[in-house]
Structure formats: C-alpha cells, structure tokens
> 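Have a look at this one.
Letters A, B, ... mirror the listed sequences (proteins, then strands); counts begin at 1.
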Amino acid sequence: MSGPANKLVFVGGMGAGKTTAVRAISDVEPISTEMPLSEDATADKVETTVALDYSSIELDDGELLHLYGVPGQRYLDFMWPMVCEGALGVIVLVSAGADDPVASTLELLQEFSRIAPDASLAVGITRTDEHPQFLVPPVRDALFAAGFRVPVLRVDARSAAQVTFLVRSLLSHRYAEA
Amino acid sequence: MNTPIRQFRVAHAGLDLLHGTRLKLASSLLLAERMDIRLHAWDGQDADLLVLGGEPSAAAVLQQQAHARGVATLSIVRGAEPLPGRLPHGASVRDLNQQLAALLASAAVLPEAATTGPSEAGLPLLLRAMQAADAGSLHLLQRGATRVVVDVASRSLALPATLSLSEIVPLLDDQAWSTTALDAATFQHQYGYLLPRRHSFEALYFCIARHRPQLLPPTAPGTSIKLLHWPDLDHRDVPSSWLLPIARLHAASWTSTALAKACAIPHDTVQFLFSAAASSGLTQQHQETAVLPPPRPAGLRDSRFLTWVARRFGLDLQAGRA
C-alpha cells in the first residue's frame, strides 16, 4: 500500500470495550455488526460484535482516519490482515476482569505485531472501575519481559477523554520512536 | 521528663572542606535537640540521611542509590533555592543544622512500628513511607478522616473509592499526618473495604509533578535520563503537552535542556518530568552531559498525515520538531 497509514484499529476480547471506544471518539455513528449474545455466553451485556465496527474521523484537509473495532477471537482472525493493512496504530483493549489479562494481551500483541509490523502498538486496560485494585505496572512489566515496550494505560472506553488520551499516547509514541 | 537522646547515622559524599566542616559543626549542635549524630562517609549502606555535594551528575547517581535504599538526602547544589532536602552551595552552619533537624526528625517517624506523631518537616510523611526499606509492611497514614495505606511491596497506595490522587497531593506536606504500621491481615480485615482503590507509586509521582512539583527531589542539572517503561499515567493528572516529552524519553536518553528545546516546552516542566521519572524508579541515568536528539524522522514520523491525525486528537507534534 502506497498511501499514508490511515487506520486505527481497536482489538480485544469480548467485553473489552472495542465498540464503545470506537463510538467514543467517532465523528459519526459507527457501523456495527452487533448481535444478541447467546444464552451460553457469559458477559454483562446483551449484544456482542460478530464481525467488526467501523467508523471514521474527518481530518483538517478532508482526509479520513478510519477506525475499526475488531474482535480478538481466533475464529475471526481471517479479517485481521485486511483490516490492519495500512494501520498506523493497533490498540489492544483488555478487561481488568479477564481471567489472565497478560496472556490474552500478549497473544494479541504477538499476532498484530506480525500482521501489522509498521503499526504502533498500545494497550488499554478497561473496566478498572469494576476492579479497582487492578494495577497497570505489573501488566506492563510482564509485557516488557515478553518483548513489548509499549504504552499501557488504564482507560474507560465510555469516556471520550480517556480514549483520546490513549490515542494521544500512541501517536506520541509513534512519532518519537520513528 | 527529659526526651531520650536519639542516635542517627548521617552519611556524606562529595562535600568540600568548607561544607564538610560546617556539617560537623551543624551535627554537633544537634545534641542540644537531643540528637546524637554519627557522621561517616557514604558507603552505599544504611544511614538515616545522606548529605550530598560535589559534581551534579555523580551526586544524582548517589541520590538515586540512597532513595532506592529509603535513605533521605540533603543535596547542596550550586544556585539552588533552599527547599526541604536541598540547600544552596555556601549553606551556613545554621542552614545545615535546621535541615538536619527537620529531615532526621522526619526520618525517625517511620521505623517505629507503633503509632507515631505527625511529621515535623522535610519530605512529606507519605513520600517517606513510600521509600521505606521494609518492603513487607504496610503503612496506614491518617490525617483526620483521610486514610491512605502505603504498600511498598506492590509499590501502590490504597485509597477510598471516592478519593483521587489529585485530592491527596495538596495535603501531602500537611503536618497532621500520622502513620501506623499494619500487617496484611489487619489491612484486609479492617481497611480493605474502606480503601479498595489502588494507585501505583508512579501515578502519584506524576500527579505530584503536575500539582506540587516542589515536593519531588530535583535531578541534578546535566543529567540525562531515559525512561525504562511508559509510565502509569492518568489522563486527569497529565496534560497532553507532556506526552511528547514522555514519548521522547521513552525512545532515547535526553538532558533536560535538550528535551525542553526539542519539545518547545518550558525547562521547568521537563525538570518536573525528570523528577517524577527518577522518583518512580523508571529511569536509566547517564553521566554524559550532552545527548544528541534521536535520528531525524524518516517516513512515518514526518508524515503529514500523522501530524493531521495528531492535531485532530489535540496534539501538536510540530512543536516537537527539534
């Protein structure tokens, strides 16, 4: 691809806040593929994204930054390379209540750093309001030990200010590291 | 009833003859305060206080060593404003005496396991508790109805759900704080439900850098640092203009002067970031006094598109051009 990297991708497991984060910073109502959760699923919501979320942000000159929310489940991994082509950043969202936040984050970082080697990476820890004892540094240090030296921040996906702060961190990281 | 004489070990490093002699005099005068001071050259081991002078970058390294061991420091720095823990070059015997008395009185508070009185002066009690060497213990700090537990082992603070770090910071140097040592079982039983929210030490240090930077020990001029990790930042306590200098420190080693110039932000702001980073233990320090900026951008970094995206999110990357 010869054009500028013009995509920002949010990826994470079910309930991590991808749809909510995309919605929080979008200019327009996102296109979503949400479907009712099956009875067997365990999450405190009634719908989940079965394919992806898409939205866009218009920049000063009329160009678009494309926003994607992509499920992290393996059975949907066929769409990851398509979505990540031309991505400037991939933000991995993980719930503080996940069974093993480090392992699930690490798996996605490894996959997406391979699929999108030119994209910058960052991690957002969501739902810390429900898990107030959660600390970010141990997760960050574990990711570092596995070879990922990236911004790791807690974020409330419902808050435009917090999602924006995470995106700013990723952009600053990308600019300084390039 | 006479107050018992308390004994303290004060180490020194890098002092010239003038300041070394003044330190001896100032220390001997503390006997009037019933403080018996034993002076010795700093050997990297235990002391109640380390008095530092000499070449700034070497002093900064020793200061880091001391803080890592939970030892308070008094730095004598050319051109410095007198602050708790810092005196200008040429400090008088009286200046040294007063700082020693305050810092040692504060140092005496933490090692006692039982409930103790309020901090008298010097480094705020909560920051001293965070630097305590006994990593296994918890410290309950109270000021009126405000309670905070310092957990050195996990490098975190336990706060009430409704209390933010930015509400704690203005109270840090209040004299009314007291401290009590806790064991883990007592914390869980009596305080766990009252103080459910954890914040990392890092987050507090960067919050202090924003709201009360004078409470952080300064880094020596000319020191260059690099961030080992991206800090644990809270969007409420870190303005977006700090993100680019933080990112640059994460990418490479910088002196404060070079970084301030590269990011087009005030030198004082960079100094506050350096202090927070050093206090957090997130830094690699280097001796060199001049650090070249990172390689000029190629491709991605100079992309106009990235600049537009950044501007859309409220960041001015152009200001960061060296």
> Please determine whether the number of non-hydrogen atoms from other residues, nucleotides or ligands lying under 6.0 Å from atom CG of A:Asp99 exceeds 12.
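No - once you tally the heavy atoms of other residues, nucleotides and ligands closer than 6.0 Å, there are 12 at most.
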> Checking A:Val150 against chain B: side chain, backbone, both or neither under 4.5 Å from a heavy atom?
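Contact with chain B: backbone only.
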> Identify which of B:Ile246, B:Leu243, B:Asp234 forms the greatest number of heavy-atom pairs closer than 4.5 Å to chain A.
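Looking at each option in turn, the highest pair count goes to B:Leu243.
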> Using non-hydrogen atoms only, which part of A:Leu170 is less than 4.5 Å away from chain B: side chain, backbone, both, or neither?
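Contact with chain B involves no heavy atom of A:Leu170 at all.
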> Give me the ring orientation class for A:His173 and B:Trp230: parallel if the planes are under 30° apart, tilted from 30 to 60°, perpendicular past 60°.
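Perpendicular, since the angle between the ring planes exceeds 60°.
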> Does any heavy atom of chain B fall under 4.5 Å from the side chain of A:Ser120, the backbone, both, or neither of them?
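Answer is neither: A:Ser120 stays 4.5 Å or more from chain B.
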> Less than 4.5 Å apart, any side-chain heavy atom of B:Arg210 and any of B:Phe272?
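A side-chain contact is absent here, since even the closest heavy-atom pair is not under 4.5 Å.
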> Taking the side chain as C-beta and beyond, is there a heavy-atom pair between A:Val92 and A:Phe112 under 4.5 Å?
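Contact flag for A:Val92/A:Phe112 side chains = no.
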> Under a 4.5 Å heavy-atom cut-off, does chain A meet the side chain of B:Leu228, its backbone, both or neither?
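When you check distances to chain A, only backbone atoms of B:Leu228 fall under 4.5 Å.
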> Please work out which of the three classes, parallel, tilted or perpendicular, describes the rings of B:Tyr191 and B:Phe187, given edges at 30° and 60°.
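Geometry flag for B:Tyr191 against B:Phe187: parallel rings.
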> Measuring heavy-atom distances to chain B, does A:Leu166 have an atom under 4.5 Å in its side chain, in its backbone, in both, or in neither?
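For A:Leu166, there is no contact with chain B at all, as no heavy atom is under 4.5 Å.
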> Shorter than 4.5 Å, heavy atoms on both sides: which option in B:Ala158, B:Ala161, B:Ala203, B:Ser240 has the most such pairs with chain A?
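Among B:Ala158, B:Ala161, B:Ala203, B:Ser240, the one with the most close pairs to chain A is B:Ser240.
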> If you count heavy-atom pairs under 4.5 Å between each of B:Arg312, B:Arg198, B:His250 and chain A, which one has the most?
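Most heavy-atom pairs within the cutoff with chain A belong to B:His250.
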> Measure B:Pro231 against the heavy atoms of chain A and call it side chain, backbone, both or neither at under 4.5 Å.
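Contact with chain A is through the backbone of B:Pro231 alone.
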> For A:Leu59, does its backbone N or O pair with a side-chain atom of B:Arg311 as donor and acceptor, under 3.5 Å?
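No, the answer is negative, given that no donor and acceptor are paired below the 3.5 Å cut-off.
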> So which part of B:Leu282 gets closer than 4.5 Å to some heavy atom of chain A, the side chain, the backbone, both or neither?
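Only the side chain of B:Leu282 comes within 4.5 Å of chain A.
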> Can you check whether A:Pro137 reaches B:Arg155 side chain to side chain, under 4.5 Å on heavy atoms?
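No. Closest side-chain heavy atoms not under 4.5 Å.
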> For chain B, find which of A:Leu153, A:Leu88, A:Val152 contributes the most heavy-atom pairs closer than 4.5 angstrom.
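Most heavy-atom pairs under 4.5 Å with chain B: A:Leu153.
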> Check the side chains of B:Ser164 and B:Glu167 for a donor-acceptor pair under 3.5 angstrom, ignoring hydrogens and angles.
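Checked: B:Glu167/B:Ser164 side chains pair up, N/O donor to acceptor below 3.5 Å.
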> In terms of heavy-atom proximity below 4.5 Å to chain B, should A:Arg149 be classed as side chain, backbone, both, or neither?
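For A:Arg149, backbone and side chain are both near chain B.
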